[in-house]
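Take a look at the structure set out below.
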Protein chains: 2
Amino acid sequence: MTKTKKRISQSQIAKELGVSQSLVSLVLNGRRENVSDESYNRIWTLADEKGYIPRGMQPNLAPDVRSSYVGVILRTGLRLANLSNTFSHVHQGLFTVLQQSHISTTFLGGEGDLDEKMLYELLRRRDPLLGIVVYGEVKEPFLRALGALGVEVLSVYANMPGLCHSVLPNEKQSLEQLVDHLTKLGHTRFAFLGGNAKLGRNHARLSALRESLAARNLSLDERNVLNVSNGDRQEGFDCAAELVQRTAGREAPTAWVCYNGLMARGALQFALLRGIRIPQDISLVTIDRTRACEEIHPYMTSAGSDPQVIGEEAAKLLCRSGGGARSVDKIYTDLVVPSTFDAGETSGPCSA
Amino acid sequence: MTKTKKRISQSQIAKELGVSQSLVSLVLNGRRENVSDESYNRIWTLADEKGYIPRGMQPNLAPDVRSSYVGVILRTGLRLANLSNTFSHVHQGLFTVLQQSHISTTFLGGEGDLDEKMLYELLRRRDPLLGIVVYGEVKEPFLRALGALGVEVLSVYANMPGLCHSVLPNEKQSLEQLVDHLTKLGHTRFAFLGGNAKLGRNHARLSALRESLAARNLSLDERNVLNVSNGDRQEGFDCAAELVQRTAGREAPTAWVCYNGLMARGALQFALLRGIRIPQDISLVTIDRTRACEEIHPYMTSAGSDPQVIGEEAAKLLCRSGGGARSVDKIYTDLVVPSTFDAGETSGPCSA
DNA sequence: TCCGTCAACTAATAATTATTATCTTATTAT
DNA sequence: ATAATAAGATAATAATTATTAGTTGACGGA
């Protein structure tokens, strides 16, 4: 380890630039009146380069590490303005818990926005970075690059064993709850309106649905399995339309399981337009726990892990691991948040 | 204005706690050896309470904005998870522009979450705080407290003359565009489905509607003016229901102007359920430019200032003013973003 | 040219903080 | 019981920063 350089003083900066210490003091305290822009910038620049640190207190050494922050990164495809559904709740939960520890939450960008140079810059920031939370599924090399920064990385709604911590919803349990509810109501013919087809999550939900049905000696007619790409309202609508068209002239499914609340809303709207009565003709349920479930009547029957809780757990996990510990054989935690079931107004006894 | 409290010194902290200044110095520089935990914590706590700030440099006044960040605060009533509509777009715009300058965006909390102590903490962070953006209407004392920090404050979707910069939508123009469109289609009887009744924004939109109508020698029947508190989907639905009930048995309005896109969606849903055909029976328009307008068919006829542009302008304004300059007679900018009109599928010729 | 003005800066010094040698007290080893 | 040691603190003072009353010199107008 190199010998610790002695802390630089204002006088040294002054001498080096050929100005008075007074001027340096004025400038570093933000005085602009009667100070030339040139001096102002030269002084700040040198102070920066030399790593000048103010006297009197080092805030990052406070007993509870204040002023540290947690970075948030979104998977490709998500944008802040679209964050509406699941991840806005996650974000809320994350923020709430971190705020209690006076840790702030900084949005760093999308998976695609951040190149290596920008990641490196993160480390140059002076406030300590407690960790990075990744929302959704990102590519493995990206996650590795994050890990290489030596920062705690936590993935939410996706897991990457051995690369980072993760906090996950319990899809298996959600589907089990929904299938249990629906089969008890007499439903046997199911449909799956899937979204985000390219992501593992869609696949996980579909598999869980199949398993839960299989456990009851039911099977999912492959013709009733649909997949769209975004999982928004319009696609939910289109998906429902497609489903109805496909099942014309054969025994139609009576229980529609939607990938998420938004799609369910879209499907609901289609049903409303077509005069399909819910829940009399069709029961419609969704894997979701966001406000989309209750935003307007009818409240939807749904099951899922509360995204806010997922955010809260992510925050707790980061606080616990408390930065540092960048050993090679790090142990990573995978946390699975239990699912809760909520009987709404969109499911009822099977009439077919 | 109250006299600025003088900066507190280590000696004052020492005196108040009955210890030596030396000890305070040691502790605030992070010395733990041979210092009791009790002293360590007591000193940090008091330093915190009194808002002790180190000498030598105020990093947030640096000209160079490399590792600086912008804080975001939400008005009371908004939460991250509800941010869905307007402000998520604002946030997106803000972020996009700031990211280009490598400035990060940090969510600081809600108006209610932040007490004076926490605000002080912001100043002690080592990364320079370029400015604070406030989303929505907050109370004046709160804004003053922010200003007192000596940080650039910018209010979005609300203005507070002489206290901070602001970036605002052009409500007058939006309503003018909508009224122009509707009157050209032959509509003369208008209704206003208002939300966020307690906020000035609702009032501003209603007034603008009245003015635009007055300019055409039309008036707004007071019985057709409704106001609800949140402005969400359910309230839009309820509002439409109330309107229809109120106008039973008299000449009903043919043009519904909704406070925002979410309410419009709710109203649309009500219309759908009731068999009111849109746009054949009723034209429904909204003051909005969020994705709620196009999330699903029918796309809505709407006018408004693009919230993303508002966020972008806010970011540019902050970058331009570039921290610093805390003179007393600061000049504040009020920026008004023009409104754009979008003819959708929810408006048509008046049939009544 | 002379004078006033003002931006830009500094010298001098007041105020504050850092550092170190030293003190006190409790604990432990002998 | 006594000496050695160490934790926890301080007094004194060295080092650094803040502030104020100047100084300098450029510029503009009479």
Side-chain angles (χ1 to χ4, degrees), chain A residues 3-63 126, chain B residues 3-63 120 123-126 128 149-150 322 324-331:
Chain A
K3 200 174 79 179
T4 319
K5 273 179 235 161
K6 206 166 178 205
R7 265 167 71 172
I8 196 176
S9 70
Q10 290 182 352
S11 320
Q12 285 170 270
I13 294 174
K15 195 187 289 176
E16 190 142 338
L17 292 173
V19 298
S20 67
Q21 174 265 322
S22 328
L23 187 60
V24 175
S25 173
L26 291 173
V27 165
L28 294 186
N29 283 292
R31 165 82 138 259
R32 301 226 65 152
E33 292 164 342
N34 301 344
V35 173
S36 67
D37 284 351
E38 195 207 330
S39 296
Y40 195 86
N41 292 324
R42 283 203 319 146
I43 290 172
W44 271 106
T45 308
L46 192 65
D48 220 31
E49 266 174 34
K50 298 269 175 180
Y52 179 80
I53 288 175
R55 318 272 148 162
M57 161 157 83
Q58 296 197 241
N60 52 335
L61 299 175
R126 296 194 275 193
Chain B
K3 201 173 77 180
T4 320
K5 270 181 240 163
K6 205 165 180 204
R7 267 165 70 171
I8 196 175
S9 72
Q10 290 183 353
S11 321
Q12 285 169 271
I13 294 174
K15 194 187 286 176
E16 191 141 339
L17 291 173
V19 298
S20 68
Q21 175 265 322
S22 329
L23 187 61
V24 175
S25 174
L26 292 173
V27 165
L28 294 185
N29 283 294
R31 165 81 142 264
R32 302 227 61 153
E33 294 164 337
N34 302 345
V35 174
S36 65
D37 284 352
E38 196 206 330
S39 295
Y40 196 87
N41 290 325
R42 282 205 318 148
I43 290 171
W44 271 106
T45 308
L46 192 65
D48 244 24
E49 270 174 28
K50 299 270 175 181
Y52 179 80
I53 289 175
R55 317 270 149 163
M57 160 156 87
Q58 297 197 239
N60 54 321
L61 300 176
Y120 256 124
L123 286 188
R124 279 215 311 274
R125 299 191 56 162
R126 309 242 256 114
L149 295 175
R326 47 170 71 185
S327 71
V328 185
D329 300 325
K330 194 141 177 14
I331 293 171

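Atoms considered below: every heavy atom in the structure, side chains included; atoms not considered: hydrogens, waters and symmetry mates. Here the structure is a predicted model, which means the values were calculated and not measured.
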Atom-to-atom span, CD1 of I53(A) to P of dT17(D) - whole angstrom: 12 Å
Side-chain N or O of Y52(B) closer than 4.0 Å to phosphate OP1/OP2 of dT17(C): yes
Euclidean distance, atom CZ of residue R31(A) to atom C1' of dT19(D) [Å, nearest integer]: 9 Å
Qualifying residues under side-chain hydrogen bond (donor to acceptor under 3.5 Å, both in side chains), relative to S36(A), sequence neighbours excluded: S39(A)
Non-neighbouring partners of K50(A) that pass side-chain hydrogen bond (donor to acceptor under 3.5 Å, both in side chains), sequence neighbours left out: E16(A)
Those residues that, when tested against N34(B), pass side-chain hydrogen bond (donor to acceptor under 3.5 Å, both in side chains) (two or more places apart): none
Protein-nucleotide distance (E38(A), atom CD; dA7(C), atom P), rounded to Å: 18 Å
Spacing of L26(B) atom CG relative to dA11(D) atom P, expressed in whole Å: 13 Å
For atom OH of Y40(B) and atom P of dA9(D), their distance in whole Å: 14 Å
Shortest non-hydrogen contact from R32(A) toward Y40(A): NH2-CD2, 3.5 Å
Spatial distance of atom CZ (R55(B)) from atom CG (L28(A)) [nearest 0.5 Å]: 14.5 Å
L17(A) CG to L23(A) CG distance, which is reported to the nearest 0.5 Å: 9.5 Å
Distance in angstrom units between I13(B) CD1 and dA18(C) P, rounded: 11 Å
Any Q10(B) side-chain nitrogen or oxygen under 4.0 Å from OP1 or OP2 of dA15(C): no
Distance test, side-chain N/O of N34(B) to OP1/OP2 of dG8(D), below 4.0 Å: no
Atom pair CG/CG of N41(B) and L46(B) - distance to nearest 0.5 Å: 12.5 Å
side-chain N/O N29(A) vs dT17(D) OP1/OP2, d < 4.0 Å: no
side-chain hydrogen bond (donor to acceptor under 3.5 Å, both in side chains) contacts in which one or both residues fall within residues 17-26 of chain B, not counting sequence neighbours: Q10(B)-Q21(B)
Spacing between I8(A) atom CD1 and dT17(C) atom P, to the nearest angstrom: 20 Å
Side chain of V35(A) (C-beta onward), nearest among dA9(D), dT17(C), dC9(C): dC9(C)
Neighbours of DNA chain D within residues 16-25 of chain B, by heavy-atom distance under 4.0 Å: G18(B), V19(B), S20(B), S22(B), L23(B)
Could you list the protein-to-nucleotides 25-29 of chain C atom pairs, N/O on both sides, closer than 3.5 Å?
none

I43(A) CD1 to E38(A) CD distance, which is reported to the nearest 0.5 Å: 10.0 Å
Gap between atoms CD and P, on Q12(A) and dT16(D) respectively (whole Å): 7 Å
Pairing nucleotide - dA11(D), Watson-Crick or G-U, each distance under 3.5 Å: dT20(C)
